[in-house]
2 protein chains.
Amino acid sequence: MTGVWLRPQRPSRSGPPLHRDRIVTAAVELLDREGVGGLTMRRLAEHLDAGPTTLYWHVATKDDVVDLALDHIFGEVRLPDGSAGDAGSDRDWRVDVEGLLLDWRAAMLRHPWSAALLGRPMLGPNVLTRTEFLQAALQRSGLVEPDLGAATHALANYVIGSAVTLSSWQRLDAPEPREAARDHLATQRDRYPTLVDTGHLDDRDWEDTFRRGLTYLLDGLPTRT
Amino acid sequence: MTGVWLRPQRPSRSGPPLHRDRIVTAAVELLDREGVGGLTMRRLAEHLDAGPTTLYWHVATKDDVVDLALDHIFGEVRLPDGSAGDAGSDRDWRVDVEGLLLDWRAAMLRHPWSAALLGRPMLGPNVLTRTEFLQAALQRSGLVEPDLGAATHALANYVIGSAVTLSSWQRLDAPEPREAARDHLATQRDRYPTLVDTGHLDDRDWEDTFRRGLTYLLDGLPTRT
DNA sequence: CGGGTTCTAGAACGCTGTTCTAGAACCCGA
DNA sequence: TCGGGTTCTAGAACAGCGTTCTAGAACCCG
């Protein structure tokens with residue numbers, strides 16, 4: 001019930017023409033091309049030259065497909081090289097953390113639908129591997145519980161929140177509605193003086209904004225270095 | 001196109017039995033009681049003793065209802081008292097920020113569906129008012145652009161990410177699947193040593209965790225105080 | 001070659017958001 | 001008091017959705 005991850009993969013014989021990997025790849029393609037609304041069991045099947053019902057042999061429900069697709073794209077997040085395992089390593093933890101999180105954010109923005117589908121527990125292997133890496137790096141910084149766990153969650157949540165906010169804003173795909181929103185805000189300068197004066201809805205360097213926030217967070221961690 | 005906020009409210013004559021406010025209230029009730037899947041135009045109409053199609057006179061699309069419902073619950077977020085407007089005030093900006101964000105998080109957790117529906121631009125008046133308050137408080141701390149905007153976004157995104165993560169995890173409403181997930185993780189101690197050892201999926205004091213993260217972030221801000 | 005598992009697929013169910021169309025209810029000026 | 005135009009309600013219908021049921025192909029192995 002908790003997701004695909006706890007259920008066993010269907011045992012296959014040799015090379016069934018339709019297996020999970022193909023399904024996931026096709027699902028991601030569909031999502032990338034047409035957005036959340038474009039992912040339909042029927043269209044996904046069609047895209048795989050199969051009948052719609054066939055999918056249900058390999059997958060229990062549409063949510064499974066979504067879970068798999070989500071975890072799939074997190075596989076794109078590069079783990080800064082060097083084995084994450086050796087906790088005694090003297091690699092710069094901060095460089096590792098920043099690299100991981102910047103890449104995490106980039107992956108989500110490359111697949112903007114991911115932000116909209118995030119409201120489900122992420123327990124896939126790719127996500128867990130990245131989280132493990134993150135927490136291991138933070139441990140190297142000297143953090144201990146309960147700050148270690150809190151820092152892990154804080155950083156992960158910061159990335160997730162940033163991606164959700166930004167890609168929902170960008171999903172207004174045409175610049176036109178963005179401008180409309182901006183104009184509308186500018187109208188109400190008496191109500192939102194600070195927001196209007198600092199151009200809260202204006203385009204800005206989002207990557208720089210993200211980096212700054214990340215810096216604040218890392219600077220504030222009670223590390224031992 | 002960008003949402004309800006830019007379109008004018010339907011001009012009404014005196015007291016039409018079905019107006020936006022009633023619709024929004026009913027929608028929130030429905031969402032609270034039955035979750036995201038429980039909100040249906042038909043059920044919403046039924047709940048209002050109206051025909052399903054009647055709704056479409058007051059609202060252009062279901063997304064409108066969602067946008068309105070979302071902004072509605074953010075109206076529950078208390079603005080720490082004292083007018084936010086006077087930038088010269090010597091109120092403790094940090095107390096204000098912490099109060100606002102804790103309440104923001106609480107409102108989202110009170111309505112867990114909000115996290116799942118967040119993947120849309122939030123431009124409603126309640127959200128904007130809270131954001132304005134947040135940024136005004138940060139301005140009092142001495143922050144200036146570009147750090148001011150970056151801090152605003154960082155804090156808002158942190159809250160959003162935290163709420164999304166936590167309520168998606170809690171949405172596995174029975175403890176049973178949570179335990180299953182934990183057990184499954186414990187199995188793979190070789191793969192995720194740090195996560196397993198720190199009990200990454202175990203229950204923890206989430207409010208405390210959130211507060212810590214908030215502290216790190218605030219501590220790291222390049223304020224002038 | 002035969003039998004059981006693995007895999008595919010068509011038809012159908014109940015549900016969804018939304019539109020079309022028609023008509024009721026109401027306000028206001030004559 | 002009436003008439004007409006606006007405001008509001010609603011039934012029927014459309015295309016599409018996720019999913020299940022059922023039947024039958026395709027394949028592996030003894």
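Worth saying up front: this structure is predicted, and the values here are computed from it rather than measured. To find a chain, count down the sequence lines: A is the first, B the second, and so on, and within it residues start at 1.
For A/Glu46, there are no salt bridge (charged side-chain N to carboxylate O under 4.0 Å, His left out) partners, not counting sequence neighbours. Every residue meeting the side chain to side chain donor-acceptor pair (under 3.5 Å) condition with B/Asp208, not counting sequence neighbours, appears here in chain and number order: B/Arg212. Judged as a side chain to side chain donor-acceptor pair (under 3.5 Å), and not counting sequence neighbours, B/Ser114 has no contacts. Looking at residues two or more places apart in sequence or on another chain, you find a side-chain contact (heavy atoms from CB on, under 4.5 Å) between B/Gln188 and B/His184, B/Asp190, B/Arg191, B/Tyr192. Looking at residues two or more places apart in sequence or on another chain, you find a side chain to side chain donor-acceptor pair (under 3.5 Å) between A/Trp113 and A/Asp32. The side-chain contact (heavy atoms from CB on, under 4.5 Å) check on B/Leu166 picks up B/Arg105, B/Leu109, B/Gln170, B/Trp206, with sequence neighbours excluded. Taking A/Asp71 as the reference, nothing meets the salt bridge (charged side-chain N to carboxylate O under 4.0 Å, His left out) condition, with sequence neighbours excluded. With sequence neighbours excluded, no residue satisfies ring pair (Phe, Tyr, Trp, His ring centres under 6.0 Å) with A/His47. The side chain to side chain donor-acceptor pair (under 3.5 Å) search around B/Thr129 returns none, not counting sequence neighbours.
Between B/Arg20 atom CZ and D/dC8 atom P the separation is 12 Å, expressed in whole Å. Remark: P of C/dT18 and CG of B/Leu55 are 11 Å apart, rounded to the nearest angstrom. At whole-Å resolution of the value, CD1 in B/Ile23 and P in D/dC8 are 11 Å apart.
A salt bridge is absent between A/Arg211 and A/Glu98; no separation between the charged side-chain nitrogens and carboxylate oxygens falls under 4.0 Å.
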Legend entry - DNA chain D base-pair string [pairs: Watson-Crick or G-U under 3.5 Å; |: paired with another strand]: ||||||||||||||||||||||||||||||
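Contact check, A/Thr54 against C/dC7: no side-chain N or O comes under 4.0 Å of OP1 or OP2. Considering only side-chain N and O atoms, A/His19 lies nowhere under 4.0 angstrom from the phosphate OP1 or OP2 of C/dC7. Note on A/His58: a side-chain N or O is less than 4.0 Å away from OP1 or OP2 of C/dT8. For the pair B/Trp57 and D/dT9, the criterion of a side-chain N or O lying under 4.0 Å from OP1 or OP2 is not met.
Of the residues in residues 24-34 of chain A, not one places a heavy atom less than 4.0 Å from an atom of DNA chain C.
Ring orientation note: the planes of B/Trp104 and B/Phe74 are nearly perpendicular, at an angle over 60° on the 30°/60° scale.
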Quick test: give all pairs of protein nitrogen or oxygen and nucleotides 16-19 of chain D nitrogen or oxygen below 3.5 Å, distance rounded to 0.1 Å.
unit_1, atom_1, unit_2, atom_2, d
D/dC17, OP1, A/Thr40, OG1, 2.9
D/dG18, OP1, A/Lys62, NZ, 2.9
D/dG18, OP2, A/Met41, N, 3.0
D/dG18, N7, A/Arg42, NH2, 2.5
D/dG18, O6, A/Arg42, NH2, 2.8
D/dT19, OP1, A/Thr61, OG1, 2.5
D/dT19, OP2, A/Tyr56, OH, 2.9
D/dT19, OP2, A/Thr61, OG1, 3.4
D/dT19, OP2, A/Lys62, N, 2.7

